[in-house]
Amino acid sequence: WAYASEFDLAPFLQDNFVPGGMEFNDDGTVMFVSEYNWDHNDADGRLHSFNLSTAYDLSTASLDSSITIPDTSGSERFLEPGDGRMGLEFSSDGFSMFMLEQHRPKNSNTPTFEHVLKKFTLSTAWDISTADMSNPTVHTFLDSNDSDREAAFTFNGNGSRLFVLDVHPTSSIREYSVSSPYDISNLSLVREMSLDSEWFNYELYDIALSADESNLYLSGFGGGLTGG
């Protein structure tokens, strides 16, 4: 692969906000970017959609719409975008939108992190201005039965499988079966694959599945390490 183009998000981000997740629609003509407050304030996030006049060509992007992502972290935690634990994905038909949020404790009185996967419904496919942001379906990954650092997620093509990248206290990929396509209210753990012995497990940020579902891809920071 070769470097092609870039798109400067700075003019569209609020002060002290950083990007959280990015996704494209099914044909690459719309790009979505979420942003969250860096200053650990009780602040809502924002989600932007950009139209691309040439599919997947960032140099042709222009802002289409922006909506608010309500902060539901509660009084004891806050939305924490600083270490990359935010995710964004859509169902294959564009009528469902999913966000993974990291809720970090405000102090030692609340020792556990909270990682929340939310599903929002759109009345028009891929149009975030039609998203119902007030009534999401929520799955919370609890420390007691999962772990405390779910970093990223992805679905297979028909929404019957959910893959979750976990990075603390150990690194692994968890696979869940989904009883109805994209229905996160009823997830069943199928298997878990440890990544602890891999050279690249230091800081992992994202996970993706190939179109034919034969390969999983991970991105992250190797901590100065290299491997084959």
Side-chain angles (χ1 to χ4, degrees), residues 1-72 79-102 116-137 151-157 159 165 182 205-211 217-221:
W1 59 276
Y3 173 82
S5 63
E6 64 182 60
F7 180 67
D8 184 10
L9 287 171
F12 306 98
L13 301 183
Q14 303 174 82
D15 290 342
N16 300 318
F17 275 63
V18 295
M22 187 187 78
E23 184 63 283
F24 289 94
N25 71 338
D26 57 343
D27 63 6
T29 58
V30 184
M31 177 177 67
F32 307 91
V33 178
S34 60
E35 61 166 321
Y36 297 91
N37 192 290
W38 176 266
D39 280 346
H40 306 168
N41 294 324
D42 295 325
D44 294 333
R46 296 282 288 170
L47 178 64
H48 309 283
S49 67
F50 299 86
N51 291 328
L52 282 71
S53 56
T54 300
Y56 297 108
D57 185 346
L58 300 184
S59 66
T60 68
S62 60
L63 181 66
D64 176 54
S65 60
S66 301
I67 62 172
T68 297
I69 303 171
D71 177 11
T72 60
L79 285 168
E80 168 60 285
D83 57 359
R85 312 305 184 212
M86 300 290 192
L88 174 66
E89 189 162 323
F90 287 77
S91 60
S92 57
D93 62 6
F95 283 100
S96 296
M97 177 174 66
F98 302 86
M99 294 183 184
L100 177 65
E101 296 180 350
Q102 175 170 266
V116 177
L117 181 61
K118 298 179 179 180
K119 174 185 177 180
F120 302 91
T121 300
L122 288 70
S123 57
T124 300
W126 309 109
D127 183 354
I128 63 172
S129 68
T130 70
D132 180 4
M133 302 300 291
S134 63
N135 190 33
T137 300
F153 71 98
T154 192
F155 288 94
N156 68 338
L165 177 61
Y182 299 106
Y205 295 124
D206 208 355
I207 184 171
L209 188 65
S210 63
Y217 300 92
L218 304 175
S219 65
F221 168 60

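None of these values were measured; they are calculated from a predicted model. Here, residue 1 is the first one in the sequence, and each next residue gets the next number.
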- Message: Taking the side chain as everything from C-beta on, heavy atoms only, tell me whether Ile207 gets closer than 4.5 Å to Leu218.
- Response: yes

- Note on the structure: Those residues at least two apart in sequence (or on a different chain) that pass salt bridge (Lys or Arg N to Asp or Glu O under 4.0 Å) with Lys118 are Glu101

- Message: Run the ring pair (Phe, Tyr, Trp, His ring centres under 6.0 Å) test against Phe153 and tell me which residues pass, sequence neighbours left out.
- Response: none

- What are the two closest heavy atoms between Ala131 and Ile67, and how far apart are they? CB-CD1, 4.4 Å

- Message: side chain to side chain contact (heavy atoms under 4.5 Å, CB included) for Tyr217 and Asp206? Distances and angles first, verdict last.
- Response: CA-CA 8 Å; Tyr217 300 92; Asp206 208 355; over 6 Å; no

- Query: By side-chain hydrogen bond (donor to acceptor under 3.5 Å, both in side chains), which residues pair with Thr137, not counting sequence neighbours?
  - Reply: none

- Task: Give the minimum heavy-atom separation between Gly94 and Leu122, together with the two atoms involved.
- Result: O-CD2, 3.8 Å

- Item | Exercise: do Arg46 and Ser34 side chains pair donor with acceptor under 3.5 Å | no

- Val30 and Ser49 have their tightest heavy-atom pair at CG1-CB, 4.2 Å

- For Ile128 and His48, the nearest pair of non-hydrogen atoms, with its separation, is CD1-C, 3.9 Å

- Message: Once rounded to the nearest 0.5 Å, what's the spacing between atom CH2 of Trp126 and atom OG1 of Thr29?
- Response: 9.5 Å

- Message: Using modelled atom types and a 3.5 Å cut-off, is there a donor and acceptor pairing between side-chain atoms of Thr54 and backbone atoms of Thr60?
- Response: no

- Item | Sidechain-backbone polar pair: Asp64 side chain, Asn51 backbone, donor-acceptor under 3.5 Å | no

- Quick one: do Ile69 and Tyr36 satisfy side chain to side chain contact (heavy atoms under 4.5 Å, CB included)? Show the steps, please. CA-CA 9 Å; Ile69 303 171; Tyr36 297 91; 3.7 Å; yes

- Is the closest side-chain donor-acceptor distance between Asp132 and Ser134 under 3.5 Å? yes

- Message: Has Tyr182 got a side-chain atom pairing as donor or acceptor with Phe98's backbone, closer than 3.5 angstrom?
- Response: no

- Tell me, please, which residues at least two apart from Asp8 pass side-chain contact (heavy atoms from CB on, under 4.5 Å). Ala10, Pro11

- Task: With side chain to side chain contact (heavy atoms under 4.5 Å, CB included) as the test, would you mind laying out the steps for Leu47 and Met133 before giving the verdict?
- Result: CA-CA 11 Å; Leu47 178 64; Met133 302 300 291; 5.6 Å; no

- Just jot down the side-chain hydrogen bond (donor to acceptor under 3.5 Å, both in side chains) partners of Thr154, sequence neighbours excluded, or say none. Glu89

- Item | Set of side-chain contact (heavy atoms from CB on, under 4.5 Å) partners for Phe7, sequence neighbours left out | Leu9, Phe12, Met31, Phe50, Leu58, Ala61

- Message: Between Met99 and Val116, does the side chain to side chain contact (heavy atoms under 4.5 Å, CB included) criterion hold? Intermediate values first, please.
- Response: CA-CA 8 Å; Met99 294 183 184; Val116 177; over 6 Å; no

